[in-house]
Amino acid sequence: MQDRVIRAIAEALDKLGVDVDREDIQLERPNDPANGDLSCNIALAAAGMVKRNPRDFAADIVSNIEFSADFIDRVEVAGPGFINFALSHSYLTGQVARINREKTEYGNLDIGKGRKILVEFVSANPTGPLVLVSARAATVGGALVNLYRKAGFEVESEYYLNDAGSQIEKLGISLMTRFRQRIGEEAELPPDCYPGDYLVELAEEIPAGEGKSWLELDEQDARARFSEFALDRVVRMIREDLDYFDIHFDHYFAESQLHRPGGEVEEALEIMKSSDVVYEEDGALWFRSTRFGDEKDRVLLRSDGSPTYFLADAAYHLNKFRRGYHRVIDIFGPDHHGHIRRLEAASSVFGAEQGWLQVLTVQWVRLIEDGRQVSMSKREGEFITLRDLVSDVGRDAAKFFFLMRKNQAHMDFNLSLARKQSDENPVYYVQYAHARISSIISFAGSEGVDFPSDTECVSMLREPEEMELIRKLVIFPQLIEGAVHNNDVNRLTTYAQDIAASFHHFYHVCRVVSSDRELSAARLLLSEATRLVLAESLRLIGVDAPERM
RNA sequence: GCGCCCGUAGCUCAGUUGGAUAGAGCGCCGGCCUCCGGAGCCGGGUGCCAGGGGUUCGAAUCCUCUCGGGCGCGCCA
């Protein structure tokens with residue numbers, strides 16, 4: 001739709017002998033409907049170049065522009081020199097028929113052209129249950145995956161499992177301590193270990209005989225046994241949490257595999273050495289990341305020769321790069337934003353182009369109840385978890401609320417509001433619209449009004465509320481495009497609320513099922529088109545679209 | 001001190017990658033069910049868009065400085 005308009009403007013400019021890049025011709029949607037459906041500012045933007053008054057220039061463009069009447073029925077100059085286009089009635093109503101035809105494929109785009117991308121998210125350390133930030137990241141990541149798929153990318157989702165390194169050792173020590181306590185030994189949890197109750201529970205699950213036999217091994221082997229046991233259970237717990245939240249990953253990528261002999265850790269090191277971006281100092285090996293805009297250089301190998309967390313992370317990105325993704329998106333928590341530069345630096349050493357790695361950050365979530373902040377830690381070492389939140393407010397409300405904010409903004413999560421199963425809660429507002437439409441459609445069927453095989457009847461739609469609704473349904477593909485382009489999944493929630501509101505307005509003014517059979521058929525098609533767009537928006541967000549509630 | 005993020009209505013936040021008169025939800029007040037779902041609709045807003053400067057036809061949006069809040073700044077992960 002936009003392409004057609006841009007082409008027509010470009011042709012008009014050609015006729016006037018004005019040379020403008022097609023890229024520079026941009027369309028937008030005016031907020032005031034009096035200004036039409038699409039607006040172009042090219043006359044304003046190019047007035048300086050052609051040394052003309054923008055309004056006169058715009059008028060010249062308008063008089064040279066050509067459209068078929070079934071697409072655009074009005075083109076006019078307005079304000080300081082905007083060129084405004086009003087879509088024709090037959091084009092708009094025709095879109096209602098189109099949505100009914102394309103169904104869930106409406107809004108599918110081909111900007112991905114089947115290229116592969118990877119979205120890595122959550123990736124919380126497997127040392128305990130998932131907490132709130134992870135829930136937010138899971139929601140954003142899940143929606144992003146859906147969105148990119150809709151835009152024509154081949155998308156894979158991945159969870160990076162830090163199953164190596166010191167925190168796993170501490171996890172083992174923590175569990176070992178809990179086990180000792182369980183069998184009546186004197187044992188105290190060392191500092192820096194994990195004090196959460198879940199480890200006490202895990203210690204109960206270890207068969208007593210087996211646990212005791214582990215304790216008889218030498219210190220290091222004993223720890224390893226407990227670590228292994230803890231890791232297995234905690235990972236299982238995390239997967240269950242994600243399952244419960246209905247977020248699924250194509251891959252779980254274990255850090256430990258990077259450390260295998262000849263693995264990516266070694267390779268990444270070799271590449272860096274041969275790229276002349278490393279140096280030795282104080283017995284350690286450093287990456288000269290400042291050369292790529294990082295604040296300081298980073299250690300790759302400690303003076304005892306062991307690899308840092310960063311080296312493994314870099315190696316992980318080398319692995320991703322070799323897997324041939326067109327683009328890789330990482331979603332980081334607020335405490336990791338300092339890692340962005342160094343990973344971009346490492347990626348470019350491995351040969352990735354600028355922009356290959358896109359890192360999004362999600363910010364902390366504060367819970368608010370009755371206007372006051374809820375303390376995030378229940379007791380020492382126990383934080384409010386994803387599971388706590390979901391069992392409190394429900395999956396749909398949690399996801400919807402997370403996506404009402406842009407991901408890089410801090411958010412106050414209004415628990416009292418999210419819990420309410422009433423009109424005040426925006427999730428139910430949107431879901432209610434979907435349920436209501438479903439109900440109307442089945443009512444229509446019971447009254448003998450069915451979907452017509454011939455969709456000509458849509459031309460009968462002409463009430464202002466009908467047209468307002470149609471205009472909003474028509475922008476769905478552009479909404480998807482903008483959301484993908486900016487990695488802005490939160491636009492979908494705003495849009496869904498907007499569609500729901502427009503439907504309710506329509507519903508209160510226009511009776512769908514009436515004695516006028518043709519009009520009823522037309523409104524049934526409009527209702528179904530709305531339902532399809534709502535359901536699809538909710539699907540992308542990861543929220544159910546119920547037929548009854 | 002340095003870096004990143006944030007600052008928009010009483011509260012929580014949108015704001016279409018620089019556009020025309022800045023929007024929604026919550027809260028508060030008042031209306032609307034003999035009729036397809038009242039979890040709905042209609043009406044009620046004096047916002048120095050944190051503040052100063054700049055860029056241009058045009059700024060909540062871009063640049064710069066200041067103020068306020070969050071998070072980072074380890075041979076931890």
Side-chain angles (χ1 to χ4, degrees), chain A residues 26 28-32 34-35 39 41 44-45 47-48 53-54 78-82 84 125 127 162 164-168 170 192 281-286 294-296 298-304 306 308-310 312-313 333-341 361 363-364 366 368 371 401 404-406 408-414 416-417 420-426 428-429 431-433 435-444 446-447 449 475 478-479 481-483 485-486 488 490-491 493-495 497-498 500-501 503-505 507-509 511-514 520 523 527 548-549:
Chain A
Q26 305 215 336
E28 67 195 50
R29 295 188 302 279
N31 353 336
D32 186 346
N35 289 325
S39 182
N41 65 356
L44 286 161
N53 168 307
F82 292 104
N84 294 335
N125 286 339
T127 54
N162 296 113
S166 63
Q167 85 279 11
I168 296 301
K170 286 178 194 160
D192 289 342
E281 196 175 288
D282 302 330
L285 189 72
W286 296 73
D294 198 3
E295 293 170 49
K296 50 179 77 167
R298 308 294 169 177
V299 172
L300 295 166
L301 289 179
R302 302 187 185 95
S303 44
D304 69 0
S306 63
T308 58
Y309 171 83
F310 166 62
D313 213 1
D335 47 345
H336 280 67
H337 67 243
H339 294 231
I340 298 176
R341 274 287 152 70
T361 54
Q363 278 293 345
W364 298 117
R366 293 196 308 169
I368 306 289
F401 273 60
M404 287 198 296
R405 311 282 171 258
K406 45 187 172 203
Q408 70 274 27
H410 303 260
M411 81 174 284
D412 282 358
F413 192 108
N414 187 335
S416 329
L417 181 62
K420 279 187 190 162
Q421 307 217 350
S422 73
D423 54 341
E424 299 144 69
N425 190 332
Y428 291 99
Y429 181 81
Q431 292 185 319
Y432 178 73
R436 183 181 240 181
I437 296 170
S438 305
S439 160
I440 291 167
I441 290 169
S442 81
F443 174 80
S446 72
E447 295 291 305
V449 176
I475 66 171
Q478 293 145 49
L479 182 94
E481 187 177 357
H485 201 221
N486 297 287
D488 257 356
N490 66 299
R491 289 186 194 181
T493 51
T494 311
Y495 179 71
Q497 291 180 87
D498 206 21
F503 181 79
H504 291 310
H505 299 163
Y507 171 84
H508 279 272
V509 175
R511 194 166 166 91
V512 177
V513 181
S514 69
S520 297
R523 288 178 172 167
S527 300
R548 247 186 302 276
M549 54 194 286

Open item on the list: Using the C1' atom as the point on both nucleotides, what is the distance between B/rG25 and B/rU61, in whole Å?
Closed with: 23 Å
Open item on the list: The criterion is ring-ring contact (aromatic ring centres under 6.0 Å, His included); which residues satisfy it with A/F503, sequence neighbours excluded?
Closed with: A/F506
Show each protein N/O and nucleotides 1-3 of chain B N/O combination with a separation under 3.5 Å, one pair to a line.
| unit_1 | atom_1 | unit_2 | atom_2 | d |
| --- | --- | --- | --- | --- |
| B/rG3 | N2 | A/H337 | NE2 | 2.6 |

- [ ] Report which part of the nucleic acid A/E281 touches: base, sugar-phosphate, or nothing (heavy-atom distance under 4.0 Å, all strands).
- [x] base
Task: Inter-nucleotide P distance (B/rC62, B/rG15), Å rounded - done: 12 Å
TODO: Look at all strands and tell whether A/S439 reaches a base, only sugar-phosphate, or nothing, counting heavy atoms closer than 4.0 Å.
DONE: base
Task: Under the side-chain contact (heavy atoms from CB on, under 4.5 Å) test, residues paired with A/D192 that sit two or more places apart - done: A/K170
Open item on the list: Taking the minimum atom-to-atom distance to the side chain of A/F82, which one of B/rG70, B/rC13, B/rA20 wins?
Closed with: B/rA20
Task: Between B/rC5 (P) and A/D412 (CG): distance, integer Å - done: 20 Å
TODO: With sequence neighbours excluded, tell me which residues meet side-chain contact (heavy atoms from CB on, under 4.5 Å) with A/A444.
DONE: A/V449, A/V513, A/L524
- [ ] Dot-bracket notation for RNA chain B is requested: 5' to 3', Watson-Crick or G-U wobble pairs only, both distances under 3.5 Å, with ( ), [ ], | and . as defined.
- [x] (((((((..((((.....[...)))).(((((.......))))).....(((((..]....))))))))))))....
TODO: Report yes if a donor N or O on one partner sits less than 3.5 Å from an acceptor N or O on the other, where the partners are the side chain of A/T308 and the base of B/rA77; otherwise report no.
DONE: no
- [ ] Give the rounded distance in Å between these two atoms: CG of A/D304 and C1' of B/rG74.
- [x] 14 Å
TODO: Go through the structure and list residues passing salt bridge (Lys or Arg N to Asp or Glu O under 4.0 Å) with A/D412, not counting sequence neighbours.
DONE: A/R366
Task: Separation of the C1' atoms in B/rC33 and B/rU16, to the nearest angstrom - done: 37 Å
Report all interatomic pairs (protein N or O, nucleotide N or O of nucleotides 31-33 of chain B) with separations under 3.5 Å.
none

Open item on the list: Please tell me if A/R302 has a side-chain N or O lying less than 4.0 Å from either OP1 or OP2 of B/rC76.
Closed with: yes
Task: Results of ring-ring contact (aromatic ring centres under 6.0 Å, His included) for A/H336 - residues two or more places apart only - done: A/H339
TODO: Scan A/S166 against the nucleic acid and name what it touches under 4.0 Å (heavy atoms): base, sugar-phosphate only, or nothing.
DONE: sugar-phosphate
TODO: Please check the phosphate of B/rA20 (OP1 and OP2 only) for any side-chain N or O of A/N31 closer than 4.0 Å.
DONE: yes
Open item on the list: Would you say A/N35 places a side-chain N or O within less than 4.0 Å of OP1 or OP2 belonging to B/rG19?
Closed with: no
Output a table of nitrogen or oxygen pairs between the protein and nucleotides 41-44 of chain B separated by less than 3.5 Å.
| unit_1 | atom_1 | unit_2 | atom_2 | d |
| --- | --- | --- | --- | --- |
| B/rC41 | OP1 | A/Y429 | OH | 2.6 |
| B/rC41 | O4' | A/H508 | NE2 | 3.2 |
| B/rC42 | OP1 | A/H505 | NE2 | 3.1 |

Open item on the list: Output the rounded distance in Å from CG (A/L479) to C1' (B/rA14).
Closed with: 13 Å
Task: Touch class at under 4.0 angstrom, heavy-atom based, for A/F310 against every strand present - done: nothing
Task: A/S442: side-chain contact (heavy atoms from CB on, under 4.5 Å) partners, not counting sequence neighbours - done: none
Task: By salt bridge (Lys or Arg N to Asp or Glu O under 4.0 Å) - contacts of A/D313 (at least two apart) - done: none
Open item on the list: Between B/rG23 and B/rA9, how far apart are the two P atoms, rounded to whole Å?
Closed with: 14 Å
Open item on the list: What's A/M549 touching, base or sugar-phosphate or nothing? Going by heavy atoms closer than 4.0 Å.
Closed with: base
TODO: Determine the contact category for A/N414: base if any of its heavy atoms lies under 4.0 Å from a base atom, sugar-phosphate if only primed atoms, P, OP1 or OP2 are that close, otherwise nothing.
DONE: nothing
TODO: Sticking with atom P, work out how far B/rA14 lies from B/rC75, rounded to a whole angstrom.
DONE: 36 Å
Open item on the list: Once you apply a heavy-atom cut-off of 4.0 Å, does A/N490 come out as touching a base, just sugar-phosphate, or nothing?
Closed with: sugar-phosphate
Task: Upstream residue (5' side of RNA chain B) when A/R548 and A/H336 are each assigned their closest nucleotide - done: A/R548
Open item on the list: At less than 3.5 Å, do the side-chain atoms of A/N84 and the base atoms of B/rA20 form a donor-acceptor pair?
Closed with: yes
- [ ] Only counting residues at least two apart or in another chain, list the ones meeting side-chain contact (heavy atoms from CB on, under 4.5 Å) with A/S514.
- [x] A/D516, A/S520
Open item on the list: Would the base of B/rG72 count as contacting A/D335 through its side chain, where contact means a donor and an acceptor less than 3.5 Å apart?
Closed with: no
Open item on the list: Can you see if the side chain of A/Q408 gets near the phosphate of B/rC6 - specifically, an N or O under 4.0 Å from OP1 or OP2?
Closed with: yes
Open item on the list: Regarding A/A483, tell me which of base, sugar-phosphate or nothing describes its non-hydrogen contacts under 4.0 Å with the strands shown.
Closed with: nothing
- [ ] For A/P54, report the nucleic acid contact type (base, sugar-phosphate, nothing); a contact means any heavy atom under 4.0 Å.
- [x] nothing
- [ ] Just label B/rC33 as syn or anti from its O4'-C1'-N9-C4 or O4'-C1'-N1-C2 angle, using within 90° of 0 for syn.
- [x] syn
- [ ] Would you please confirm or rule out a distance under 4.0 Å between OP1 or OP2 of B/rC76 and any side-chain N or O of A/K170?
- [x] no
Task: Between P of B/rC26 and OH of A/Y428, the distance in whole Å - done: 15 Å
TODO: Using only heavy-atom distances, decide whether a donor-acceptor pair under 3.5 angstrom links the side-chain of A/R491 to the base of B/rU16.
DONE: no
Open item on the list: Applying a 4.0 Å non-hydrogen cut-off, can you work out what A/N125 is touching in the nucleic acid: base, sugar-phosphate, or nothing?
Closed with: sugar-phosphate
TODO: For A/T127, report the nucleic acid contact type (base, sugar-phosphate, nothing); a contact means any heavy atom under 4.0 Å.
DONE: nothing
